Amino acid sequence: MKRIRRILTFCTMVLLALCVGCKPDNPTPPTPEPQKGPYGYHIEEDLTTTNIIEDNYRNYYEIYVGSFYDSDGDSIGDLKGVTKKLDYIKDLGFNGIWLMPINEAGSYHKYDVIDYYAIDSEYGTMADFEELIAECHKRGIKLIIDLVINHSSNYNEMFTRSVLAHEKDLVGFSLTAEEEKYKDFYSFYDGTNPPSGYSKVPGKDFYYECNFSGNMPEFNCDSPAVRAEFQNIINFYLDKGVDGFRLDAVKYYYLGNNAKCVELLSEINKWVKTRNPQAYVVGECWELSDKIISQYYSSGIDSFFNFEASVSNPYGYLLNSINQEGRFCYKYYDGLLSNIEIAGSGIPAPFINNHDTPRFTSRGDVNRSKFQFALLQMMNGSTFTYYGDEVGMVGTNTGTNPDQNVRIPILWGLEEGKCTAPGGTTIEEYPYGSVAEQLADQNSILNYYKKVLLVRNQNPEIARGQVTLVEMDKENAKLFVKKTYNGSEIGLIFNFNAINDLNVNYQQFGFTKVVGQIVIDSSDEKYIGIQDDGSLLLPPYSIAIVK
Ligand code: CA
């Protein structure tokens, strides 16, 4: 035993002496051997650098302010609350915000504006709004606001004046200049058989147009005084520093007459761009027809929401292209092309859901919902994401379910900021947990969103590039496209299958390097791996970015 110990001690001394003897003056750390795991060698990813271009191709985050973050303890979200969460929004990877209406209004949703020049007192003050704009700009976030000018509230003073002036004119009294201005400010009907969409003015002998509801009378957009008012409102907010507008209900400006709507939109675009050539405007024209949306783009307005791709179309490709074991991937490819084509020289505006539609996150299959979000964010244009989708909020406003169900508070998981659901909400559930919980879980929906948006922010080609097909194999749920922007080219390789891996030899198409990956499971088990022959192995529902 002693002898063995002596031999071991001797050997140790010899080894130590040898090591000291060979020690170089300037030691260089050894190159680590590439680590091979179940999917092959890991790729090298840069997870910190972004390449954000200061143009109007942005990742927008849509906020219903009342359900976002309450800063003053009355359980109603407010503008100061949004300011407080700007770092959260920025960290997610959004660089644009669309605020749903913030002006003084009659209803919880605030699409019935009582005063276009005042902030609703539930949301705060004009000073709070100015602070929000400034804080957005400090963080490189563009702020656009909902501009609801198809209709106002019936409590808007302009409506009251208009009704009185119209009545006076009908009975043949002479009008003052002020009354002349207001007598046809709204769309009135004086006959006995009003067209559909009209209601009787209470206590009067004439009707007013109100396609959405009785408390939302519609402006007469032919009136020069109305148009002057619109321009005033636009100038007022551009002068405050907003970066643009989301135009509500544009096809209702002249319902049934798209050409006249487009004519007014051209005017609006001119007013906005004259005041601020960099401003961005996106219109809500709820139509599934490419042809009609293209017609609207001819107004010069930057963007119109792509409803065809969204959840409001039962066949919308952003959700349905993963069906049939991923063989429907060709629908996504067609969508990539049509999304660009519809917009012409404008900016596409794809989205999956918003405050008027059911939320898209599945109650059962979270992987499916994650991948669908990634499909949205690989589209060209400015994308729009509804607040709360990042934590997988669910909700539907179809059937007997009211709109309030898709406007419930985001669950921060902390006492601060907590909002109460809008009155009338019937279902309030959160199947995937709070923001606090999801921030702490690397495999959460929230952290998946962050990764997807990081990839989008690292590769400007995704939002802006010209799309070319490299390879498509429907049977194996494989789609490989190229996007080229400003002389730079990236490849996007999608595995649309929920269960099977996909092997892709990407180097044969001239790409040499994998620069990013989007995978469902961010632990080390199912990553995009490099094989011994240089090809890639993509796990289910994954996307590789190659250069
Ligand atoms: Ca509040």
Side-chain angles (χ1 to χ4, degrees), residues 60-92 94 96-139 141 143-148 153 155 215 237 240-242 246 248 354-355 359 385-391 393 395 402-430 434-437 439:
Y60 276 95
Y61 186 70
E62 178 195 354
I63 301 178
Y64 168 56
V65 177
S67 281
F68 197 60
Y69 192 98
D70 169 36
S71 74
D72 59 3
D74 67 357
S75 298
I76 302 170
D78 43 54
L79 295 177
K80 274 191 176 301
V82 176
T83 303
K84 213 160 176 185
K85 299 313 282 183
L86 287 178
D87 287 333
Y88 166 76
I89 295 165
K90 191 184 176 180
D91 287 347
L92 284 172
F94 295 104
I97 291 175
W98 153 26
L99 289 185
M100 282 169 63
I102 55 171
N103 289 136
E104 188 192 337
S107 324
Y108 83 93
H109 54 68
K110 311 207 189 295
Y111 279 97
D112 51 338
V113 178
I114 293 175
D115 184 349
Y116 287 94
Y117 303 95
I119 302 295
D120 196 289
S121 57
E122 285 186 338
Y123 287 0
T125 63
M126 194 56 81
D128 295 345
F129 185 53
E130 286 161 2
E131 184 194 18
L132 172 60
I133 297 170
E135 292 297 322
C136 282
H137 291 169
K138 270 186 204 166
R139 292 167 177 80
I141 296 172
L143 184 71
I144 66 170
I145 58 171
D146 229 304
L147 189 64
V148 190
S153 162
Y155 292 109
N215 65 338
Y237 286 101
K240 290 270 170 223
V242 302
R246 175 263 183 190
D248 184 57
N354 65 23
H355 63 281
R359 287 195 183 260
T385 302
Y386 191 37
Y387 83 97
D389 281 350
E390 74 271 25
V391 283
M393 276 168 62
D403 283 345
Q404 286 90 322
N405 285 6
V406 296
R407 301 171 190 178
I408 61 173
I410 188 167
L411 200 63
W412 295 108
L414 305 163
E415 270 314 299
E416 310 97 80
K418 223 172 173 179
C419 303
T420 306
T425 300
T426 59
I427 306 168
E428 200 183 346
E429 52 172 344
Y430 300 89
S434 69
V435 171
E437 286 163 339
L439 278 169

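Each residue takes its place number in the sequence, starting with 1. Counting starts at 1 for both ligands and their atoms, in listed order. Treat the numbers as computed from the prediction; the structure is a model and nothing was measured.
Contact check on R246 versus E62 returns no salt bridge, with no Lys/Arg side-chain nitrogen under 4.0 Å from an Asp/Glu carboxylate oxygen. Between E122 and K110 there is a salt bridge, since a side-chain N of the basic residue sits under 4.0 Å from a carboxylate O of the acidic one.
Take the N/O/S atoms of D70: the one nearest the Ca ion (ligand 1) is OD1. In terms of distance to the Ca ion (ligand 1), the nearest N, O or S atom of D78 is named OD2. Per residue D74, closest N, O or S atom to the Ca ion (ligand 1): atom name OD1.
Taking backbone and side chain together, G81 holds no N, O or S atom under 3.0 Å from the Ca ion (ligand 1). Among the backbone and side-chain atoms of D72, an N, O or S atom lies under 3.0 Å from the Ca ion (ligand 1).
When the options Y387, F94, Y386 are evaluated for a ring pair (Phe, Tyr, Trp, His ring centres under 6.0 Å) with Y61, the one that passes is F94.
Residue Y108 comes nearest to P422 through the heavy atom pair CD1-CB, 3.5 Å, listed as atom of the first residue, atom of the second, then distance.
Side-chain contact between E416 and S71 is absent, with no heavy-atom pair separated by less than 4.5 Å.
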